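Have a look at the structure below before the remarks.
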Protein chains: 2
Amino acid sequence: MLAVMEIDAADLDGPTIGQVSDRVGLSPDTLRWYERIGLLEAVPRDAAGQRRYRALDLDRLELLIKMRATGMPLTEMHDYVALIHAGPASRRDRLTLLETHRQRTLDRMAALQRDLVVIDRKIDRYRNLLEHDDAQHHPG
Amino acid sequence: MLAVMEIDAADLDGPTIGQVSDRVGLSPDTLRWYERIGLLEAVPRDAAGQRRYRALDLDRLELLIKMRATGMPLTEMHDYVALIHAGPASRRDRLTLLETHRQRTLDRMAALQRDLVVIDRKIDRYRNLLEHDDAQHHPG
DNA sequence: ATTTGCTCTGGAGTGAGCTCCAGGGGGCAT
DNA sequence: ATGCCCCCTGGAGCTCACTCCAGAGCAAAT
């Protein structure tokens, strides 16, 4: 109750950077780099100065990874994190950011489907051509 | 019939690079760069030395653009073009390349959908939180 | 005691995919 | 004939998202 910002003993048994790396599929370098650029702030260090990720950090990381995987640029992820720092008053803005990104992702998926049509057409043309070839090679 | 590789008069009234740029949405710089790296070979030049794109070039470009839009790396697009140069015998390989890319794209779309679930969950949590806030601000 | 293996920091390097620029030219409108 | 606009080439520069490295520390295993 007195030491509000003290290191909690529970912080010291979380996974190390290597374990997190294996778990989430980002390299240790990338994890450290995310911290450097402020996507993941101040992961607590143990007595030896090594990172120990808390459940909190891992939760944040999970969302960040899905944001990246759906193509959100790091700058926008940074904006999102900045909103978190701004406190509960920014929740509406965070929601808007996520909703915008969600829609953008749906739009991109639709575009992918449209773009695939052109490729599918080309695939069909090759299949037809090759059928022809087969007919020539195995007549009768 | 004698001059097999001569410039065809029909080549000289195709669109210029600026017109193609407007039409397909790639910058003139990008169009020139695609040519430089061999994705689009030797677009014919008119008397003034300016590019005049043929229907052939535009068709190729359309496919290239859809390949890019669906995330194919330039190196692989280059492989595809190399197969074209290799002649009709490479058609089976071209088909395979396109089919592989098609499947990869479908897989990526499925992954996007899965990744969105995590973001959707977060959106829901914010919506619930904000409903709560509204209830507090407009009690009764 | 030393080797092995993980970690640390800060800074430099990399690769993909463009994008910009200098220096120049053709062709048309005023 | 003077702009103006678009085009040319070759090369340099840029952004993004990592990735690597040097030089060091700690800790368990041999």
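Heavy-atom basis, side chains included; hydrogens, waters and symmetry copies ignored. What you see is a predicted model; the values in this text were computed from it and never measured. A, B, ... follow the sequence lines: proteins, then strands. Residue 1 opens every chain.
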*Answer with yes or no whether the hydrophobic clustering places Val118(A) together with Ile84(B); edges join I, L, V, M, F, W, Y residues whose side-chain heavy atoms lie under 4.5 Å apart.*
yes
*asked:* Under a 3.5 Å distance rule, please check whether Arg108(B) uses its side chain to pair with a backbone N or O of Thr70(B) as donor and acceptor.
replied: yes
*Sequence neighbours excluded - salt bridge (charged side-chain N to carboxylate O under 4.0 Å, His left out) pairs with any residue from residues 70-82 of chain A*: Glu76(A)-Arg104(A)
_Using the salt bridge (Lys or Arg N to Asp or Glu O under 4.0 Å) criterion, which residues pair with Lys122(B)? Sequence neighbours excluded._
none
*Segment of DNA chain C, first to last nucleotide, that comes within the 4.0 Å heavy-atom reach of chain A*: dT7(C) to dG11(C)
Please output the side-chain donor-acceptor pairs of residues 16-26 of chain A that fall under 3.5 Å, not counting sequence neighbours, one pair per line with the distance.
from     : atom 1 : to       : atom 2 : distance (Å)
Gln19(A) : OE1    : Thr16(A) : N      : 2.8
Ser21(A) : OG     : Leu26(A) : O      : 2.7

*Indicate yes or no for a side-chain donor-acceptor contact from Arg52(B) to the backbone of Pro44(B) under 3.5 Å, with no hydrogens or angles considered.*
no
Produce the list of close N/O pairs, under 3.5 Å, pairing protein atoms with atoms of nucleotides 11-15 of chain D; give distances to one decimal.
from    : atom 1 : to       : atom 2 : distance (Å)
dG11(D) : N7     : Arg36(B) : NH1    : 2.9
dG11(D) : O6     : Arg36(B) : NH2    : 2.9

_Treating Asp57(B) as the side-chain partner and Arg54(B) as the backbone partner, does any N or O pair qualify as donor plus acceptor under 3.5 Å?_
yes
*With Arg94(A) via salt bridge (Lys or Arg N to Asp or Glu O under 4.0 Å) - residues at least two apart*: none
*Whole Å only: how far is the CG atom of Asp46(A) from the C1' atom of dA27(D)?*
11 Å
Short N/O separations, protein against nucleotides 2-7 of chain D, under 3.5 angstrom:
from   : atom 1 : to       : atom 2 : distance (Å)
dC7(D) : OP1    : Thr16(B) : OG1    : 3.2
dC7(D) : OP1    : Gly18(B) : N      : 2.6
dC7(D) : O4'    : Gln50(B) : OE1    : 3.4

*Between dA17(D) (P) and Leu31(A) (CG): distance, integer Å*: 16 Å
*Which salt bridge (charged side-chain N to carboxylate O under 4.0 Å, His left out) pairs, counting each pair once, include a residue from residues 62-72 of chain A, with sequence neighbours left out?*
Lys66(A)-Asp115(B)
*Separation of dA17(D) P from Leu26(A) CG (nearest whole Å)*: 13 Å
*More than 12 heavy atoms of other residues, nucleotides or ligands under 6.0 Å from CD of Gln113(B): is that the case?*
no
*Please name all residues satisfying salt bridge (Lys or Arg N to Asp or Glu O under 4.0 Å) with Glu35(B), sequence neighbours left out, ordered by chain then number.*
Arg45(B), Arg51(B)
*Could you list the residues that satisfy side-chain contact (heavy atoms from CB on, under 4.5 Å) with Arg127(B), not counting sequence neighbours?*
Leu95(A), Glu99(A), Ile123(B), Asp124(B)
*Under the salt bridge (Lys or Arg N to Asp or Glu O under 4.0 Å) test, residues paired with Asp93(B) that sit two or more places apart*: none
*By a strict heavy-atom criterion of less than 4.0 Å, which residues belonging to residues 64-82 of chain A are in contact with DNA chain D?*
Arg68(A), Pro73(A), Leu74(A)
_For Trp33(A) and Ala48(A), find the nucleotide of DNA chain D closest to each by heavy atoms; which residue's nucleotide sits nearer the 5' end?_
Trp33(A)
